[in-house]
Every structure is written in structure tokens, then in C-alpha cells.
Amino acid sequence: MKIIMLGAPGAGKGTQAKMIASKYQVPHISTGDIFRANIKNGTELGKKAKEYMDQGLLVPDELTVDLVIDRLSQDDCSRGYILDGFPRTIPQAQALDGALAKRGEKMDYAINVDVPDENIVTRMSGRRACTGCGATYHIVHNPSKKGDICEVCGETLILREDDKPETVHKRLSVYHEQTQPLIDYYTEQGILKTVDGTQDMNDVFAAVTKILEA
Ligand code: ADP
Ligand code: ADP
Ligand code: ZN
């Protein structure tokens, strides 16, 4: 089971990816999480990525593609995986397809979590992210039972710098320009499935499960 989660920033890709990962026992691979871990650890990659992320821009493909392709060759990926936030550009998608083709593999599904722009800015301003483990919450739709403390690891929850409205607008325009073309790309491959991401998160998950078990 090899799945790509597509959708605007804040559409609910990460939320659904975690639910799929736990139900089907496959790894959840989030490029955003990988970059944030590198920033936290002060690596060279983290320093470079941060310059782009803070501005709401995409990290260049040269810094992104090899990282993901290497990750996919690890043992825990042998039964499949869920890619969350990758690919985000046509060249990334082509590089992924190329790397898989070499092993005689291909992606099974690209699930497009569809949420209109109007809903995104309010949703993002309510997102809270854990500085320790990367868990995400929402102040209204999915609050932590411990207030601004993570239920999973006990660290503090924050509003991500790039989730503030100014940066969210920039990220949305980057999404429409660079990532939305992937919807056509995967439609042409015959693997695109769209779910209505404005529903309650459990209803979105029911729609996703229906697709995966069809
Ligand atoms: P969201 O969950 O809101 O969609 P992510 O955590 O996936 O955001 O990504 C945060 C930021 O990390 C992006 O705005 C971008 O700067 C960078 N990033 C993540 N994935 C990629 C990628 N595949 N290509 C380029 N940049 C990426
Ligand atoms: P993405 O990974 O696409 O950027 P997230 O999964 O982090 O999106 O979700 C963005 C925010 O919206 C989070 O605060 C999350 O808790 C919340 N959220 C996710 N799915 C839904 C939903 N179906 N309805 C309402 N809020 C949601
Ligand atoms: Zn945590």
C-alpha cells in the first residue's frame, strides 16, 4: 500500500496520514516533519530549509528528493508507506516515479483532501503543533486534553510561525502554482481519488478507508 496525500496546506493530510498509518501499520513519512526535526537539531539541511519554510516557500527539489528516496529504501517501507507533503512539484513526482520504476514499483493511490481556500486560513490559525513529537491538534476541532501540553509526549504546543495568516496566504498561492498541477498528473496516471476534506475528520477517514478497501 503506497499512498500519496495531496491537498492544500492545512487540508488535513497529516491528520489522515496518521490515522491511515495506525490502522494499516505502514510508516507515515512527512517531509515537513523531517525538515522541522532537522531545524530543531541544527543540521545544515535544517538551516537551509528554514530560510524557505519561514517565507512560506517550498524547499528546493535538490534538497528534498534524495532525502525522500533514501527514506523509502529503509526496511520499514517494504510493506508500503504514506507520503504526506511529498511530492509537491511535478519534478518531485517525476523523480519519485523514476526511483520506483527502477525497482519495478509504482504508487497505488494519490488521495486529494479537498478543502477550499476560504476554510484554510481559519483552520491553520487554530492548528497547534507539538515542539517535541510533531503531533498536531486544533483548538476547536481536536484540542489536547491537557490544554497547551501534548497528550503524547508532554511537551509544549505552539502555533507554528508559518501558520500565521500572512504566511498561510503565501503558502496557498505556492500550493496553487506548484502543487495543484499534481492533481492532473495523478489523474492521468489513473490513481487520483478525491475526498471532501471539509467534513468532520472521522468522516473524512471513513471516505479514505472506503477508497483503500474498494
Ligand atoms: P502542511 O502540513 O501545512 O502542508 P508541511 O509540514 O507539509 O506543511 O510543510 C511545511 C513546509 O515545509 C512547507 O511550507 C515547505 O516550505 C516545506 N516542505 C515540506 N515538504 C516539502 C516538499 N515536498 N518540497 C518542498 N518543500 C517542502
Ligand atoms: P495538513 O497536514 O494538510 O497541513 P493537518 O492534518 O495538520 O493538515 O490539519 C490542519 C489543522 O486542521 C490541524 O489543526 C488539524 O487538527 C485540523 N483538522 C484536520 N482535519 C480536520 C477536519 N476534517 N475538520 C476540522 N479540522 C481539521
Ligand atoms: Zn508531543
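Along the sequence shown, residues carry numbers from 1. Counting starts at 1 for both ligands and their atoms, following the listed order.
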May I ask you to identify, for His141, whether its side chain, its backbone, both or neither come under 4.0 Å of ligand 2 on a heavy-atom basis? side chain

So, is Ser30 polar-close to ligand 1, with some N/O to N/O distance under 3.5 Å? no

When you look for heavy atoms under 4.0 Å from ligand 1, do you find them on the side chain of Arg160, its backbone, both, or neither? side chain

Ligand 1 to Lys13, heavy atom cutoff 4.0 Å, flagged ligand atoms 4 (O)

Nearest heavy atom to atom 5 (P) of ligand 1, choosing from Met53, Arg123, Arg88, Lys170, belongs to Arg88

Nearest 0.5 Å please: distance from the CG atom of Asp162 over to the CE atom of Met124. 7.0 Å

Going by the 4.0 angstrom heavy-atom rule, the piece of Gln199 near ligand 2 is backbone

Are the side chains of His28 and Ile3 in touch, meaning some heavy atoms are under 4.5 Å apart? no

Give the residue, atom name and distance (to 0.1 Å) of the protein heavy atom nearest atom 1 (P) of ligand 1. Arg171 NH2, 3.4 Å

Within the 4.0 Å heavy-atom cut-off, what Ala17 brings close to ligand 2 is neither

In this structure, atom 15 (C) of ligand 2 is nearest to the protein heavy atom Thr15 OG1, 3.8 Å

Going by the order shown, which atoms of ligand 1 are within less than 4.0 Å of some heavy atom of Arg36? 6 (O), 10 (C)

Quick check on the hydrophobic clustering: are Ile211 and Tyr186 connected, directly or via other members, by side-chain heavy-atom contacts under 4.5 Å? no

So, is Pro9 polar-close to ligand 2, with some N/O to N/O distance under 3.5 Å? no

Region of Leu57 engaging ligand 1 - heavy atom pairs below 4.0 Å: backbone

Using a plain distance cutoff, I'd like to know if Asp200 has any nitrogen or oxygen under 3.5 Å from a nitrogen or oxygen of ligand 2. no

Does Gly197 have a heavy atom less than 4.0 Å from any atom of ligand 2? yes

Are any of the N or O atoms of Ala11 closer than 3.5 Å to those of ligand 2? yes

Min N/O separation Tyr137 to ligand 2 under 3.5 Å: yes

For atom 26 (N) of ligand 1, closest protein heavy-atom neighbour: Val59 N, 3.0 Å

To the nearest 0.5 Å, what is the distance between CD on Gln92 and CG on Leu83? 10.5 Å

Backbone or side chain, does any N or O of Asp84 fall under 3.5 Å from an N or O of ligand 2? no

Run Gln74 and Tyr81 through side-chain hydrogen bond (donor to acceptor under 3.5 Å, both in side chains) and show every step you take. CA-CA 11 Å; Gln74 292 175 15; Tyr81 40 80; over 6 Å; no

Applying a 4.0 Å heavy-atom criterion (strictly less than), which segment of Gln178 is in contact with ligand 1: side chain, backbone, both, or neither? neither

Determine, using heavy atoms of Gly10 and all atoms of ligand 1, whether some pair is separated by less than 4.0 Å. yes

At what distance is the nearest protein heavy atom to atom 27 (C) of ligand 1, and which residue and atom is it? Phe35 CE1, 3.7 Å

Any non-hydrogen atom of Gly85 lying under 4.0 Å from ligand 2? no

Start with the C-alpha gap between Asn119 and Thr198, add the side-chain angles, then the distance that decides, and say whether side-chain hydrogen bond (donor to acceptor under 3.5 Å, both in side chains) holds. CA-CA 8 Å; Asn119 304 24; Thr198 64; 5.3 Å; no

Polar atom proximity, Val204 to ligand 2 (N or O, under 3.5 Å): no

